[in-house]
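Here the structure comes first, spelled out in structure tokens, and everything after it is commentary.
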Amino acid sequence: MRKLFNIVVLLLLLGGFWYGYGKDIQESGFKAGVRSFVSDVRSLINGPEVSNALDKLNTGVNYLIGELTETLDNASKEEQPETEQVKKPTLEAPAEASFSVRNIEIGDTKAAVEKLAGEAKRQTRNEYGVDWFAYHENYQNFFMVAYDTDDKVVGLYTNQDLISSKQGIKRGTPKEAVTEKLGDPVTKLLKGNVYYQIRSDGEYDMFEMDKSYVTIFYDKHEKNTVTSIQIIDAKLEKQKSAYFAEASPELKNGFEYQLFDLTNASRVNHDLSVLSWDKQVKVTAQDHSADMAVNHYFNHNNLEGESPFDRMKDDKITFRMAGENLAAGQNSSIFAHEGLMNSIGHRENKLQKDFESLGVGVAFEDNAKPYYTENYLTK
């Protein structure tokens, strides 16, 4: 890469020289052109004509840079393959439950799911002590399924247009229509011997129905319409005895990759490119989450005053663009992601069209409270 850079610089210098003095060379010969160049250099040294000499050189270099940039941009556009659009499945009204995701309901079998969607692209631990299986085709038609020990569906989630309901609720339905059709949402959950108040700030509503807990998330930046849904079997929800799940390496890894997948699924919703996983900046993100968890603070700047960009540079990461999202206290990757999408600055990072890669790091406080760090890069 450095060799190529040196060649480009040399070409720019030669091009600038030719643009500034080529006419003299063509009209009077090479020696005359050189003499003109030397004269300008002498003017530069002597001072009175400094600006004229620099302007002449600068004009030539800038002209060539513009030509080269346009050529490279056009070549890049020609070489970049278009994302192949995957056909959306035909959605049907649920057969038994009030809601289904990709025509799948709680209680369906894993075999039935994979007959519809093929094998899962990823399997990661979630806060309920079971795994999310992520199904998608390059993040199109994205949804996640959790199974019990009998391979029966006990959890569903999607943030794409795969929601069906008997009440006509789907992605894009206004929040007012949801509460009008489903009634009052749940305001508290019993975990062990403790009731936890649900304070969503209007970002979601939870409903108890069909022996399940249905959480409907809204997008504040899309006129408070339905953006995604999570359905958890009531028995599975009640087995979770505390607000925060017990911390473990498997759960940490699960939250990290789930946030990565959820971000890409959201980008696809907005016709944006899919990000690649960046192992190097993932370490930077992980270190910051761990530092916040151990030292009990929440800030983009660490206790030494270093910004995210300082930390990346300390880790020998070079970039043209970078961004960071932070979240803390959400009890799952899904709630963290949905919260970030409803925060305008964090949303802009998730949907920044020029970002190319993402690394996510998660760490837990002693009380199992999670800290999430997302680092975005364009190199």
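The analysis underlying the following values was restricted to heavy atoms, covering all of them including side chains, and did not include hydrogens, waters or symmetry mates.
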Check for me, please, whether [X] and [Y] land in the same ILVMFWY cluster - side-chain distances under 4.5 Å, paths through other members count.
| X | Y | answer |
| --- | --- | --- |
| Ile163 | Val268 | no |
| Val362 | Tyr243 | no |
| Ile231 | Ile334 | no |
| Val153 | Phe142 | no |
| Val101 | Phe207 | yes |

Could you check whether any side-chain N or O of [X] sits under 3.5 Å from a backbone N or O of [Y], counting only pairs where one atom can act as donor and the other as acceptor?
| X | Y | answer |
| --- | --- | --- |
| Asn269 | Asn159 | yes |
| Lys175 | Tyr204 | no |
| Glu105 | Pro94 | no |
| Asn299 | Asn301 | yes |
| Arg267 | Gln352 | yes |
| Asn103 | Thr90 | yes |
| Glu137 | Val86 | no |
| Asn349 | Glu324 | yes |

Minimum heavy-atom separation for [X] to [Y], with atom names?
| X | Y | result |
| --- | --- | --- |
| Ala363 | Ala293 | CB-CB, 4.2 Å |
| Arg171 | Gln160 | CD-C, 3.5 Å |
| Leu272 | Leu351 | CD1-O, 3.2 Å |
| Ala245 | Ala368 | O-CB, 3.3 Å |
| Pro89 | Asn141 | CD-OD1, 3.5 Å |
| Phe143 | Ala117 | CZ-CB, 3.6 Å |

If I take atom [atom1] from residue [X] and atom [atom2] from residue [Y], how far apart are they, to the nearest 0.5 angstrom?
| X | Y | atom1 | atom2 | answer |
| --- | --- | --- | --- | --- |
| Ser266 | Glu338 | OG | CD | 6.5 Å |
| Glu256 | Ser289 | CD | OG | 8.0 Å |
| Gln230 | Met206 | CD | CE | 7.0 Å |
| Arg102 | Leu91 | CZ | CG | 8.5 Å |
| Leu236 | Ser212 | CG | OG | 10.0 Å |
| Gln85 | Asn138 | CD | CG | 9.5 Å |

Q) Run the side-chain contact (heavy atoms from CB on, under 4.5 Å) check on Val154 and Lys235 step by step: do they pass? A) CA-CA 9 Å; Val154 290; Lys235 291 181 180 179; over 6 Å; no

Side chains of [X] and [Y]: closer than 4.5 Å at any heavy-atom pair?
| X | Y | result |
| --- | --- | --- |
| Met144 | Leu262 | yes |
| Ser98 | Ser165 | no |
| Ile106 | Asp210 | no |
| Leu182 | Val214 | no |
| Phe99 | Gln167 | yes |
| Val178 | Thr173 | yes |
| Arg125 | Asp131 | yes |

Is the [X] ring parallel, tilted or perpendicular to the [Y] ring (thresholds 30°, 60°)?
| X | Y | value |
| --- | --- | --- |
| Phe255 | Tyr372 | tilted |
| Phe217 | Tyr157 | perpendicular |
| Phe260 | Tyr139 | perpendicular |

Q: Determine, step by step, whether Asp278 and Lys379 satisfy the salt bridge (charged side-chain N to carboxylate O under 4.0 Å, His left out) criterion, reporting the C-alpha distance in whole Å, the side-chain angles of both residues, the deciding distance to 0.1 Å, and the verdict.
A: CA-CA 11 Å; Asp278 193 302; Lys379 293 185 177 178; 3.3 Å; yes

(Q) Given Thr284, which partner from the list Asp315, Asp314, Leu377, Thr373 fulfils the side-chain contact (heavy atoms from CB on, under 4.5 Å) test? (A)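 For Thr284, the side-chain contact (heavy atoms from CB on, under 4.5 Å) test succeeds with only one of Asp315, Asp314, Leu377, Thr373, which is Asp315.
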
Q | Pairs flagged by salt bridge (Lys or Arg N to Asp or Glu O under 4.0 Å) wherever residues 345-372 is involved - sequence neighbours left out | A | Asp219-Arg347, Glu222-Arg347, Arg320-Glu356, Lys350-Glu374

For the residue pair [X] and [Y], confirm or rule out a side-chain donor-acceptor distance under 3.5 Å.
| X | Y | answer |
| --- | --- | --- |
| Asp291 | Asn302 | no |
| Asn126 | Ser332 | no |
| Asn342 | Tyr218 | no |
| Tyr135 | Glu114 | yes |
| Asn331 | Glu127 | no |
| His337 | Ser228 | no |

Q) Is the number of heavy atoms from other residues, nucleotides or ligands under 6.0 Å of Asn295 CG greater than 12? A)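 Correct, the count exceeds 12.
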
**Q.** Exceeds 12 heavy-atom contacts within 6.0 angstrom, atom NZ of Lys211
**A.** no

Show me, pair by pair, the donor-acceptor contacts under 3.5 angstrom made by side chains of residues 185-198, not counting sequence neighbours?
residue : atom : partner : partner atom : Å
Lys191  : NZ   : Glu237  : O            : 2.5
Lys191  : NZ   : Glu237  : OE2          : 2.4
Lys191  : NZ   : Lys240  : O            : 3.2

Q) Can you name the ring-ring contact (aromatic ring centres under 6.0 Å, His included) partners of Tyr376, sequence neighbours left out? A)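 Counting only residues at least two positions away or on another chain, Tyr376 forms a ring-ring contact (aromatic ring centres under 6.0 Å, His included) with Phe355.
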
Q: Evaluate side-chain contact (heavy atoms from CB on, under 4.5 Å) for Val130 paired with Tyr147, printing each intermediate quantity in order.
A: CA-CA 7 Å; Val130 295; Tyr147 302 102; over 6 Å; no

**Q.** salt bridge (charged side-chain N to carboxylate O under 4.0 Å, His left out) between Asp261 and Arg122, worked out
**A.** CA-CA 9 Å; Asp261 288 343; Arg122 198 191 307 278; 2.8 Å; yes

Q: Applying side-chain contact (heavy atoms from CB on, under 4.5 Å), run through Met292 and Leu326 and close with a yes or a no.
A: CA-CA 10 Å; Met292 290 189 293; Leu326 299 180; 3.9 Å; yes

(Q) Before you tell me yes or no, could you show the steps for Tyr213 and Lys238 under side-chain contact (heavy atoms from CB on, under 4.5 Å), namely the whole-Å CA-CA distance, both residues' side-chain angles and the distance that decides it to 0.1 Å? (A) CA-CA 10 Å; Tyr213 286 90; Lys238 290 173 181 177; 3.8 Å; yes

